[in-house]
Amino acid sequence: MKIAVLPGDGIGREIVSQALAVLNKLGLPMETAEAPVGGAGYEAAGDPLPEHTLALAKAADAILFGAVGDARYDTLPRAKRPEQAILGLRKALGLFANLRPAQVYAELAGASALRPEVVAGLDMLIVRELTGDIYFGQPRGMRDAGANGREGFDTMHYNEAEIRRIAKVAFDAARKRSKRVCSVDKANVLETSQLWREVVTAEAKNWPDIELSHMYVDNCAMQLVKHPKQFDVIVTGNLFGDILSDEASMLTGSIGMLPSASLNAQGRGLYEPIHGSAPDIAGKGLANPLATILSAAMMLRYSLGQAAAADRIEAAVKAVLRQGLRTADIYTEGTRKVGTEEMGAAVVDRL
Ligand code: NAD
């Protein structure tokens with residue numbers, strides 16, 4: 001198993017090294033190679049996604065990614081900014097499916113902004129299409145609108161093949177979970193969504209063991225805060241998924257706990273925590289490494305065919321939380337505050 005390790009900027013290196021320690025403990029036949037990305041890529045080679053880094057990512061079975069970004073790069077031209085590295089990797093590797101679990105561990109239910117009984121035990125997965133929709137549709141631009149000044153316009157767009165392939169990812173993921181998929185759209189208003197609903201419904205016939213439901217996106221936004229535990233897998237387009245996945249992540253109240261995966265048609269993928277490079281705490285040993293450790297578990301499950309090893313990591317994370325260990329971001333009275341390294345070491349110990 002070849003893994004490209006791209007720590008990136010800020011807390012990236014601190015959290016990725018803990019995830020690597022966890023992976024190493026498993027004793028699997030694994031080769032890792034590291035390369036700079038984001039601001040670190042710009043410093044090393046004048047490019048957020050240096051050629052060598054991209055080549056390494058392309059040759060790997062999976063990519064373990066930390067985070068990129070720092071205010072000092074905000075004044076660079078767009079093409080040189082750290083976040084271009086993620087967009088470049090998505091494009092070069094055809095990463096069209098974004099998997100974002102939102103799980104609330106019983107021990108952390110108090111960290112949510114919602115009442116603990118609403119979120120305790122929440123375990124859902126949002127499958128977001130990542131390479132189409134209004135973010136990439138043409139035409140787009142700004143133009144003169146005469147007496148009304150300028151106007152901006154974008155094109156929402158999905159074809160049947162794009163919808164079918166993301167639906168398959170969602171049905172397949174549901175098969176490994178509670179076997180329910182809720183497809184989210186705006187079919188009462190949008191043509192794109194009407195096609196979306198037709199294609200997802202047709203594809204569902206190939207997955208007779210999966211229960212499919214449909215929901216309008218505005219209702220889904222409400223249901224996520226009213227009764228989030230009704231969901232197992234949500235599948236949706238790029239724009240709706242962008243918003244709903246951030247909303248769902250906040251149900252957990254702990255950005256330092258949430259992993260993500262972006263997959264291509266061959267099942268290769270990029271695995272990263274959903275949080276950014278947290279420059280405010282970088283280098284202080286305060287960052288929560290669990291989102292990255294859980295991203296490594298997803299990598300084992302979705303790209304490397306090592307579901308049992310993924311289960312072991314997830315069980316070890318639950319065990320250290322049960323033990324009462326907390327980094328500062330999830331600390332509550334009565335628990336024990338630990339730093340990045342101690343948290344990582346505790347997971348390794350449990351393994
Ligand atoms: P952020 O996610 O980096 O941080 C938001 C807040 O959460 C901060 O207070 C931070 O300290 C805290 N936090 C984040 N991760 C944590 C962890 N593992 N443990 C403990 N606390 C944690 O978002 P931001 O501050 O808006 O952005 C900082 C930089 O990260 C920017 O340059 C932004 O562009 C970039 N960014 C990158 C990604 C990515 O690499 N995928 C995603 C989002 C933001």
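For the numbers below, each heavy atom of this structure counts, side chains included, while hydrogens, waters and symmetry mates do not. FYI, the numbering just counts along the sequence from 1. We count ligands from 1, going down the list as the structure has it; atoms in each ligand are counted the same way.
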Checklist line | Co-members of the apolar cluster containing Met222 [side chain, <4.5 Å] | finding: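 In the cluster with Met222 there is nothing else; it is isolated.
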Next item on the list: For Ala173 and Val233, work out which heavy atoms get closest and say how close.
Entry: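 Closest pair (atom of Ala173, atom of Val233, distance): C-CG2, 4.5 Å.
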Next item on the list: Enumerate the residue pairs fulfilling side chain to side chain donor-acceptor pair (under 3.5 Å) with a member in residues 269-286, sequence neighbours excluded, ordered by first and then second residue.
Entry: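 Residue pairs passing side chain to side chain donor-acceptor pair (under 3.5 Å), neighbours aside: Tyr271-Ser303.
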Item checked: Arg177 and Asp232 ion-paired at < 4.0 Å ->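 Here Arg177 pairs with Asp232 in a salt bridge, since their nearest N and O are under 4.0 Å apart.
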Check: Could Arg197 and Asp185 be called an ion pair, given the rule that one side-chain N must be under 4.0 Å from one carboxylate O?
Finding: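 Result for this pair is yes, salt bridge flagged.
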Next item on the list: Taking side-chain contact (heavy atoms from CB on, under 4.5 Å) as the test, write out the residues that go with Arg336, two or more places apart.
Entry: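 Listed in chain order: Leu325, Val338, Glu342.
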Ligand 1: which protein N/O atoms lie under 3.5 Å from its N/O atoms?
| from | atom 1 | to | atom 2 | distance (Å) |
| --- | --- | --- | --- | --- |
| ligand 1 | 2 (O) | Gly276 | N | 2.7 |
| ligand 1 | 3 (O) | Gly276 | N | 3.4 |
| ligand 1 | 3 (O) | Ser277 | N | 3.3 |
| ligand 1 | 3 (O) | Ala278 | N | 2.8 |
| ligand 1 | 9 (O) | Asp280 | OD2 | 3.0 |
| ligand 1 | 11 (O) | Asp280 | OD1 | 2.9 |
| ligand 1 | 11 (O) | Asp280 | OD2 | 3.0 |
| ligand 1 | 15 (N) | His275 | ND1 | 3.3 |
| ligand 1 | 18 (N) | His275 | NE2 | 3.1 |
| ligand 1 | 18 (N) | Asn288 | O | 3.0 |
| ligand 1 | 19 (N) | Asn288 | N | 2.9 |
| ligand 1 | 30 (O) | Ser277 | N | 3.1 |
| ligand 1 | 30 (O) | Ser277 | OG | 3.1 |
| ligand 1 | 32 (O) | Asp70 | N | 3.4 |
| ligand 1 | 40 (O) | Val68 | N | 2.9 |
| ligand 1 | 41 (N) | Glu272 | OE1 | 3.3 |

